[in-house]
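Heads up: the structure comes next, in structure tokens.
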Amino acid sequence: MSILDGLNDRQREAAGHIDGPLLIIAGAGSGKTRVLTHRVAYLIKECNVDPYNIMAITFTNKAAGEMRERVDKIVGSGCEAVWVMTFHATCVRILRRHIHEIGYDNNFTIYDTDDTKAAMREVYKKLQFDPKQLREATVLREISNAKNELIGPDRFMSENAGDYRMAQIGKAYDLYQDILRNNNALDFDDLIRLTVSLFERCPEVLANYQDRFRYIMVDEYQDTNNAQFELIKLLAAKHRNLCVVGDDDQSIYKFRGANIKNILNFENNFSGAKVIKLEQNYRSTQNILNAANSVIAHNYGRKPKKLWTDRDGGDPVFFRVYGNGREEARDVAEQIIRLKRRGIADFGDCAILYRTNAQSREFEEQLVREGVPYFIIGSVNFYSRREIKDLLSYLKTIENAQDDLAVARIINVPKRGIGQTTIQKVMEFADGNNMSFYDACTMADQVPGLGKAAAKIEKFTSFIYNMREVLAQEGMTAVLKEIIDETGFIDEIKKADEDDAEDRIGNIEELISTVRQYEDNHPEATLSDFLEEAALVSDLDSADEETSRVLLMTIHSAKGLEFPHVFLCGMEDGIFPGFMSINSGNEEDIEEERRLAYVAITRAKDVLNISAAKSRMVRGETQYLPVSRFIKEIPEELMESENASDTGAGFGSHGSSFGSSYGNKVAENKLLKKNAAAFLGVKAGTASDTGRASQQRTAQVNTTAGTFTRGADLSFGAPDYGPGDRVRHVKFGDGTVKAVDKGPRDYQVTVEFDGVGQKIMYAAFAKLIKI
DNA sequence: CGTACTAGTCTTTTT
DNA sequence: GACTAGTACG
């Protein structure tokens with residue numbers, strides 16, 4: 001009995017092809033992970049390949065983990081030596097060993113997007129650039145693009161000397177690299193780029209890895225950028241046993257440098273390549289596949305393929321149009337509840353997908369209101385939350401204080417009375433004496449013009465010094481707890497703002513237990529090992545631990561996942577496809593969005609619900625957008641459409657209650673919004689109590705102004721509840737109002753929440769609903 | 001030096 | 001609408 005039994009013919013052919021370049025075009029749901037894992041097992045078990053000689057590269061930790069697990073299962077012990085890692089982790093591993101050979105320090109830290117922005121702000125200060133003329137984000141994007149093309153600062157500057165704007169960017173690039181270098185830091189793009197340059201400049205290092213990795217596999221090959229392509233090409237050059245798996249129709253990462261040509265031209269780049277297509281889909285119903293096939297057929301220049309399944313028919317694709325975004329969200333929540341109640345699906349079988357993260361809020365609100373358990377993936381990565389980053393910066397500083405940005409981040413967190421001017425002075429001193437910021441801090445008494453601040457800095461450095469002792473004696477969990485206790489970190493958060501203090505403290509607790517777990521599982525690991533892992537982890541990696549909750553995520557995050565019931569929302573021109581791609585006038589941008597639509601549709605196993613809204617709040621403005629062009633690309637006979645817009649004039653519906661005529665509704669709404677705010681403002685001036693009269697008055701205002709009295713506007717009006725009333729909060733649930741106090745800006749409300757306890761919050765912020 | 005408020009920007013998508 | 005950098009004031 002062979003390992004390859006149980007695969008279909010195509011899959012078996014792919015997994016069993018061992019020598020020479022191989023391209024596997026794997027349609028959505030065609031079992032590509034299965035093929036990859038079986039191939040690894042086959043190499044080891046039946047071809048006697050040493051696991052040490054095999055490498056599999058993925059894009060996400062999740063994919064890597066999954067593959068590792070499945071290989072373990074088939075092969076059993078002995079496959080630990082196989083490298084199954086992300087591109088970034090692979091490069092880090094190589095660079096940690098060899099980067100000194102191209103003049104860097106092996107002990108580098110890794111900068112995430114936030115750190116990168118901070119570094120760029122530094123650049124702007126030094127070069128006296130004006131962010132209004134040239135945005136930091138633009139420069140960072142250009143730098144990233146350059147790095148993906150393996151263009152360093154020198155080449156960038158010489159190639160762009162003629163163009164003023166680009167020359168400015170070149171200067172920024174150059175200084176940005178200096179700053180990273182001084183902080184002993186690499187950004188994500190550097191990890192790849194410098195590995196390539198290591199290989200190019202040190203042939204013996206390259207030869208070493210070429211000999212080691214005789215069999216190389218790359219997952220999601222359509223997402224590789226040029227730097228990653230070079231990396232693979234170099235590694236595979238000797239043995240040419242390169243197997244790449246991908247789907248050109250699912251290439252959705254152009255914005256971060258992915259080059260779809262890598263997969264389209266694979267046969268040209270690797271002569272003698274074999275190409276195998278996997279077109280049988282094991283996931284979706286035929287109806288869903290037909291919809292996906294019809295949409296993607298509108299793209300040009302793709303590798304022709306057509307998914308098929310033996311799951312005949314199935315439900316039609318449901319398409320509903322709502323009056324506005326809130327109706328859409330509410331109805332999706334209700335539909336999910338109905339599915340659950342009828343025993344058709346569990347919460348965990350449902351996923352809500354959208355184009356942009358900003359769309360998640362409305363769904364979150366409605367799900368909370370309906371009491372549906374949910375989990376949002378990706379809005380804010382755990383490790384980039386402020387309190388977490390602060391604590392990680394402490395750990396970084398304790399580990400080695402070479403990263404100026406990390407030190408500067410925490411030197412006054414919690415408040416130590418060390419202000420911006422003091423930091424500035426120390427920085428100048430550090431620059432002038434060619435030392436790190438932290439080293440300058442340790443000799444604060446010699447920095448001119450510090451005065452009393454010097455003593456405060458001294459206290460800080462001696463604190464760090466003590467923590468290093470604790471780390472050495474008691475380990476990382478202990479230091480982390482010590483930092484939190486000694487600095488009064490949690491009290492500071494409690495003091496700062498009442499609203500999300502709970503969340504933040506919860507995050508901190510989670511960090512502590514993560515560190516403890518890590519320490520337990522890796523007794524030999526150092527603090528820097530942990531920090532490295534933290535730098536390369538994303539939110540998505542924890543997705544499958546969430547079992548019985550509705551998952552909310554962007555379509556990008558959903559790639560590679562599948563759900564019995566998918567709700568694909570916000571299908572409007574301007575949202576999906578987005579304005580950017582419509583306005584660019586470049587058909588390629590629309591094609592990229594269409595591929596994204598294809599990815600979205602093919603996530604659904606059993607039922608696909610698509611929805612759009614006639615009007616929607618975008619960036620604080622109501623927009624009226626037409627139904628997405630992609631909807632029209634789905635044949636009518638596959639769809640069941642419904643106009644689900646709420647025609648009643650109740651709370652939440654736009655326009656109708658004002659008896660407005662058609663015409664320029666957007667402008668009209670803006671005007672009404674202004675008037676409503678002004679009206680409320682007047683009332684606020686006179687409302688000195690929270691008694692019944694003002695309650696009624698506000699209630700009246702609310703009906704008149706409809707949905708316009710939300711958010712900041714409300715801060716002028718008195719709340720429509722008072723002590724003793726029952727209220728509902730989106731996060732904390734139901735509770736009883738204890739007190740309402742008028743504060744300087746807003747009403748402070750004290751509520752005793754059932755089971756959650758007492759909270760003090762601002763009325764405008766809390767958005768409490770009287771029940 | 002810290003705060004409290006204002007003005008301006010921003011939105012695609014993420015390893 | 002949300003967030004952030006910048007500014008005026010205590």
Side-chain angles (χ1 to χ4, degrees), chain A residues 57-64 85-92 110-114 116-117 121 124-125 131-132 135-137 141 144 148 187-189 191-192 220 223-225 227-228 251-258 353-359 361-362 377-381 383-384 386 412 414-423 451-453 456 496 535-541 553-559 570 574-584 589 592-593 595-596 599-600 616-622 673 707-708 710-714 743-745 764-765 767:
Chain A
I57 303 186
T58 66
F59 273 87
T60 66
N61 295 299
K62 186 167 185 286
M85 273 185 276
T86 65
F87 267 102
H88 298 272
T90 304
C91 290
V92 169
I110 301 163
Y111 271 8
D112 67 16
T113 327
D114 274 353
T116 277
K117 276 188 207 146
R121 249 175 259 134
Y124 269 52
K125 241 190 263 166
K132 277 174 205 128
R135 284 194 294 134
E136 282 125 334
R141 208 181 46 229
S144 177
N148 292 158
D187 66 19
F188 283 132
D189 300 319
L191 295 176
I192 315 286
E220 305 281 13
D223 291 334
T224 51
N225 62 36
Q228 287 156 341
S251 167
I252 55 174
Y253 282 108
K254 185 177 166 199
F255 69 93
R256 69 171 194 221
L353 307 183
Y354 35 78
R355 177 66 240 268
T356 65
N357 274 312
Q359 291 165 259
R361 230 194 76 237
E362 204 130 33
I377 291 174
S379 47
V380 196
N381 188 339
Y383 286 105
S384 34
R386 193 166 78 225
N412 199 30
K415 306 237 157 35
R416 294 188 176 85
I418 302 170
Q420 210 45 59
T421 33
T422 307
I423 293 174
K452 273 184 275 179
K456 294 173 183 165
L536 295 174
V537 158
S538 79
D539 240 20
L540 190 57
D541 304 330
M553 68 189 98
T554 63
I555 301 165
H556 280 90
S557 308
K559 190 162 77 141
I575 303 281
F576 190 17
F579 280 122
M580 300 291 226
S581 52
I582 295 173
N583 293 337
S584 81
D589 291 339
E592 173 104 350
E593 297 273 311
R595 287 192 290 270
L596 197 52
V599 169
R616 182 183 299 280
M617 283 285 247
V618 181
R619 249 157 61 200
E621 260 181 43
T622 305
K673 192 169 169 180
T707 52
F708 304 124
R710 296 207 298 139
D713 292 352
L714 265 179
R745 272 201 297 161
F765 216 43
K767 290 180 194 144

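Within every chain, numbering begins at 1; the chains are lettered A, B, ... in the order of the sequence lines, protein sequences first and strands thereafter.
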May I have the distance from [X] (atom [atom1]) to [N] (atom [atom2]), rounded to whole angstrom?
X      : N      : atom1 : atom2 : result
A/K62  : B/dT14 : NZ    : P     : 15 Å
A/I582 : B/dT11 : CD1   : P     : 18 Å
A/E136 : B/dT9  : CD    : P     : 12 Å
A/M617 : C/dA2  : CE    : C1'   : 12 Å
A/D189 : B/dT14 : CG    : P     : 16 Å
A/L191 : B/dT15 : CG    : C1'   : 10 Å
A/H556 : B/dT11 : NE2   : P     : 15 Å
A/I555 : B/dT14 : CD1   : P     : 11 Å

Side-chain N,O ([X]) to OP1/OP2 ([N]) below 4.0 Å:
X      : N      : result
A/S557 : B/dT14 : yes
A/K415 : B/dT3  : yes
A/T554 : B/dT14 : yes
A/R135 : B/dC10 : yes
A/R616 : B/dT11 : no
A/N412 : B/dG2  : yes
A/R256 : B/dT12 : no

Upstream residue (5' side of DNA chain B) when A/S581 and A/Q228 are each assigned their closest nucleotide: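 Checking each residue's closest nucleotide, the 5'-ward one belongs to A/S581.
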
5'-most by nearest nucleotide on DNA chain B - A/T422 or A/M580: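 Residue closer to the 5' terminus by nearest nucleotide: A/T422.
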
ring centroid sep under 5.5 Å plus plane angle under 30, A/F255 with B/dT13: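 A/F255 vs B/dT13: stacking yes.
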
Determine yes or no for a side-chain-to-main-chain donor-acceptor pair under 3.5 angstrom, with [X] supplying the side chain and [Y] the backbone.
X      : Y      : value
A/Y111 : A/F188 : no
A/E362 : A/Q359 : no
A/H88  : A/L191 : no

Rounded distance in Å between the P positions of C/dT4 and B/dT13: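 My reading of the P atoms in C/dT4 and B/dT13 gives 15 Å.
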
If you look at every strand shown and take non-hydrogen atoms under 4.0 Å, does [X] touch a base, only sugar-phosphate, or nothing?
X      : result
A/G578 : nothing
A/R121 : sugar-phosphate
A/D112 : nothing
A/I418 : sugar-phosphate

Parallel, tilted or perpendicular: rings of A/F87 and A/F59 (30°, 60°):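 Rings of A/F59 and A/F87: tilted, 30 to 60°.
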
Polar pair under 3.5 Å, donor/acceptor by atom type, side chain A/H88, base B/dT15: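 Answer yes: a donor N or O sits under 3.5 Å from an acceptor.
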
Donor-acceptor pair (no angle test) under 3.5 Å: A/R619 side chain, B/dT11 base: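 When only heavy-atom distances are counted, A/R619 does not reach the base of B/dT11 through any donor-acceptor pair under 3.5 Å.
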
Closest contact, heavy atoms only, A/G417 versus A/N412: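 Nearest heavy atoms, A/G417 then A/N412: N-OD1, 3.2 Å.
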
Contacts of A/E592 that satisfy salt bridge (charged side-chain N to carboxylate O under 4.0 Å, His left out) - sequence neighbours left out: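 With sequence neighbours excluded, A/E592 shows a salt bridge (charged side-chain N to carboxylate O under 4.0 Å, His left out) to A/R595, given in chain and number order.
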
